[in-house]
Q: 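This is the structure I have questions about; it appears just below.
Computed from a predicted model, the values in this text were never measured in an experiment.
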Amino acid sequence: MSLRRATLSRLVAALVVALGLLAGACSSGSQPTAEPVTTTVESTTTTAAPNVVTVAAAVGDELEVVAEPPEGIEPTTSTSTTVLDRSLPAIPRPDLNSAGARKTDAGWAFENPTYFGNPLVVVVTEDAGEWLRVMIPARPNQLEGWVRAADVETSTHSYRMELSLSDFNLKVYDGDEVIEETQVVIGQDNTYTPTGRFYLNEKIEQSNPGGVYGPWVLSTNAYSESLDTFDGGLPVVAFHGTNQPELIGTQASNGCIRMPNDVVIRLAEILPAGTPVDVLA
């Protein structure tokens, strides 16, 4: 049992590094950047009641997502959403180890459970009966697709997070009530924290709670819009603890959001995977 635990700890530590969750003040190094390009995509707004979040958990060993509305499905509400495109390659893609995600002819496919052994969850933005529109972990950020309702189990909750980059402030809500508020570290100008609506897709406990990521990493479905990859791995944007609390309230990260360790412990206990995250400029 101790050998298995040690192996798992090494695996978690290795992939966290590969995901690009950096400690300390760091720069983008030789990673490619580009001037922002504005593109327009179609996105459907949720039809759920205010403050009610519907989460879909995959029931099979792979969840297939189609990019276009299935035949006979007319999205109830469609709005134009501006997405930042840094001219970086898509995630997932064939030439990149995308941790259990892959591009298909019709859309995408995601392994269940995840690379870290957690249930695969997505957030539902529209219920069309036999089909559900969902947020997915892909780049460009804020892409959505459609899954069969029979391929998932749904549940609801009322939690959400709101991060204001301009004042380094994170608020956590249960319905309309603020249940946690803290100052955080955000990304530097050249490795900025992306804005938009995302969601927590899994929670990863760390074997060394006093390490650079603190006791927990709360991963999101967002990817860096400044870095194509980091150290050959995925440039995932995540919330996590820190062993440098003196940097809280500054721009010192590679795009991830760091917070006091006691706060990230409470959030890991309270928030379910599938918690929406609004990152505001």
Q: Examine Val184 and Ile270 and state if one hydrophobic cluster contains both, with Ile, Leu, Val, Met, Phe, Trp and Tyr joined whenever side-chain heavy atoms are less than 4.5 Å apart.
A: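 Yes.
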
Q: Around atom CG of Asn97, are there more than 12 heavy atoms of other residues, nucleotides or ligands at under 6.0 Å?
A: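 It does not: Asn97 CG has 12 such atoms or fewer within range.
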
Q: If the threshold is 4.0 Å, N to carboxylate O, is there a salt bridge linking Glu269 and Lys203?
A: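 Lys203 and Glu269: not salt-bridged.
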
Q: Check side-chain contact (heavy atoms from CB on, under 4.5 Å) between Glu111 and all other residues, then give those that pass, not counting sequence neighbours.
A: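 Testing Glu111 for side-chain contact (heavy atoms from CB on, under 4.5 Å), a comparison that skips the adjacent residues, returns none.
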
Q: What are the two closest non-hydrogen atoms of Val53 and Gly274, and how far apart are they?
A: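 What the structure gives for the nearest pair is CG1-O, 3.6 Å.
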
Q: Does one hydrophobic cluster hold both Leu200 and Leu280, with members joined at side-chain heavy-atom distances below 4.5 Å?
A: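 Each belongs to a different hydrophobic cluster.
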
Q: Would you kindly confirm whether Leu63 and Val134 end up in one hydrophobic cluster when ILVMFWY residues are joined by side chain heavy atoms under 4.5 Å apart?
A: yes

Q: Does one hydrophobic cluster hold both Val263 and Ile179, with members joined at side-chain heavy-atom distances below 4.5 Å?
A: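 Same cluster.
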
Q: Show, in sequence, the C-alpha distance, side-chain angles and deciding distance for Leu227 and Asn254, and conclude whether the side chain to side chain contact (heavy atoms under 4.5 Å, CB included) test is met.
A: CA-CA 9 Å; Leu227 306 176; Asn254 198 48; 2.7 Å; yes

Q: Among Thr114, Val236, Val237, which residue meets the side chain to side chain contact (heavy atoms under 4.5 Å, CB included) test with Ser219?
A: Val236

Q: Has Tyr199 got a side-chain atom pairing as donor or acceptor with Val121's backbone, closer than 3.5 angstrom?
A: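 Confirmed, Tyr199 side chain pairs with Val121 backbone.
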
Q: Treating Ser98 as the side-chain partner and Gly100 as the backbone partner, does any N or O pair qualify as donor plus acceptor under 3.5 Å?
A: no

Q: When rounded to the nearest 0.5 angstrom, what distance separates CG in Leu163 from OG1 in Thr195?
A: 10.0 Å

Q: Given the rule in the side chain to side chain contact (heavy atoms under 4.5 Å, CB included) test, do Val172 and Glu181 qualify, once you have shown the distances and angles that lead to the verdict?
A: CA-CA 6 Å; Val172 181; Glu181 183 171 6; over 6 Å; no

Q: Taking 4.0 angstrom as the limit, do Glu130 and Arg148 come out as a salt bridge?
A: no

Q: More than 12 heavy atoms of other residues, nucleotides or ligands under 6.0 Å from CD of Glu153: is that the case?
A: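 12 or below, so no.
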
Q: Grab the two heavy atoms, one from Cys256 and one from His240, that are nearest each other, plus how far apart they are.
A: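 That would be CB-NE2, 3.7 Å.
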
Q: Ignoring hydrogens and angles, tell me if any N or O in the side chain of Thr191 forms a donor-acceptor pair with the backbone of Ser253 under 3.5 Å.
A: yes

Q: Looking only at heavy atoms, which two atoms of Ile204 and Gln206 are closest? And how far apart?
A: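 The answer is O-NE2, 3.2 Å.
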
Q: Between Asn201 (side chain only) and Thr220 (backbone N and O only), is there a donor and an acceptor less than 3.5 Å apart?
A: yes

Q: Run the side chain to side chain contact (heavy atoms under 4.5 Å, CB included) test on Leu267 and Phe239 for me, step by step, so that the C-alpha distance in whole Å, both residues' side-chain angles and the decisive distance to 0.1 Å come before the verdict.
A: CA-CA 10 Å; Leu267 296 188; Phe239 292 79; over 6 Å; no

Q: Check whether Thr156 reaches the backbone of Val52 with its side chain - one donor and one acceptor, N or O, closer than 3.5 Å.
A: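 Between the backbone of Val52 and the side chain of Thr156 there is no qualifying donor-acceptor contact (under 3.5 Å).
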
Q: Suppose the criterion is salt bridge (Lys or Arg N to Asp or Glu O under 4.0 Å): which pairs have a residue in residues 165-174, not counting sequence neighbours?
A: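 Passing the test, one end in residues 165-174: no pairs.
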
Q: Check whether any side-chain N or O of Glu64 sits under 3.5 Å from a backbone N or O of Glu62 as a donor-acceptor pair, and report yes or no.
A: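 Flag not set: sc Glu64 to bb Glu62 has no pair under 3.5 Å.
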
Q: Answer yes if Val277 and Tyr173 sit in the same cluster of Ile, Leu, Val, Met, Phe, Trp and Tyr residues linked by side chain heavy atoms under 4.5 Å apart, and no otherwise.
A: no

Q: Would you find a donor on one side and an acceptor on the other, under 3.5 Å apart, between the side chain of Asn169 and the backbone of Gln183?
A: no

Q: Determine whether a donor-acceptor pair (N or O, by modelled atom type, separation under 3.5 Å) exists between the side chain of Arg139 and the backbone of Glu225.
A: no

Q: Quick one: CD on Glu126 to CH2 on Trp131, what's the gap to the nearest 0.5 Å?
A: 13.5 Å

Q: With side chain to side chain contact (heavy atoms under 4.5 Å, CB included) as the criterion, how do Leu247 and Arg258 come out once you've worked through the C-alpha distance, each side chain's angles and the decisive distance to 0.1 Å?
A: CA-CA 9 Å; Leu247 295 178; Arg258 308 178 200 159; 3.8 Å; yes

Q: Can you tell me if Thr250 uses its side chain to pair, donor with acceptor, with the backbone of Ile248 under 3.5 Å?
A: no

Q: How close do Pro194 and Tyr223 get, counting heavy atoms only, and between which atoms?
A: CG-O, 3.5 Å

Q: Restricting to side-chain contact (heavy atoms from CB on, under 4.5 Å), what partner residues turn up for Val264, sequence neighbours left out?
A: Pro215, Trp216, Leu218, Met259

Q: side-chain hydrogen bond (donor to acceptor under 3.5 Å, both in side chains) with Arg197: which of Asn221, Thr125, Asn141, Asp278?
A: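 Of the listed options, the one satisfying the test is Asp278.
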
Q: Check whether any side-chain heavy atom of Thr154 sits under 4.5 Å from a side-chain heavy atom of Leu132, and report yes or no.
A: yes

Q: State whether the side chain of Thr193 and the backbone N or O of Gly255 hold a donor-acceptor pair below 3.5 Å, judged by distance alone.
A: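 Yes.
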
Q: I need the Asp228 CG to Leu96 CG distance, nearest 0.5 Å.
A: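 Reported value, rounded in 0.5 Å steps: 7.5 Å.
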
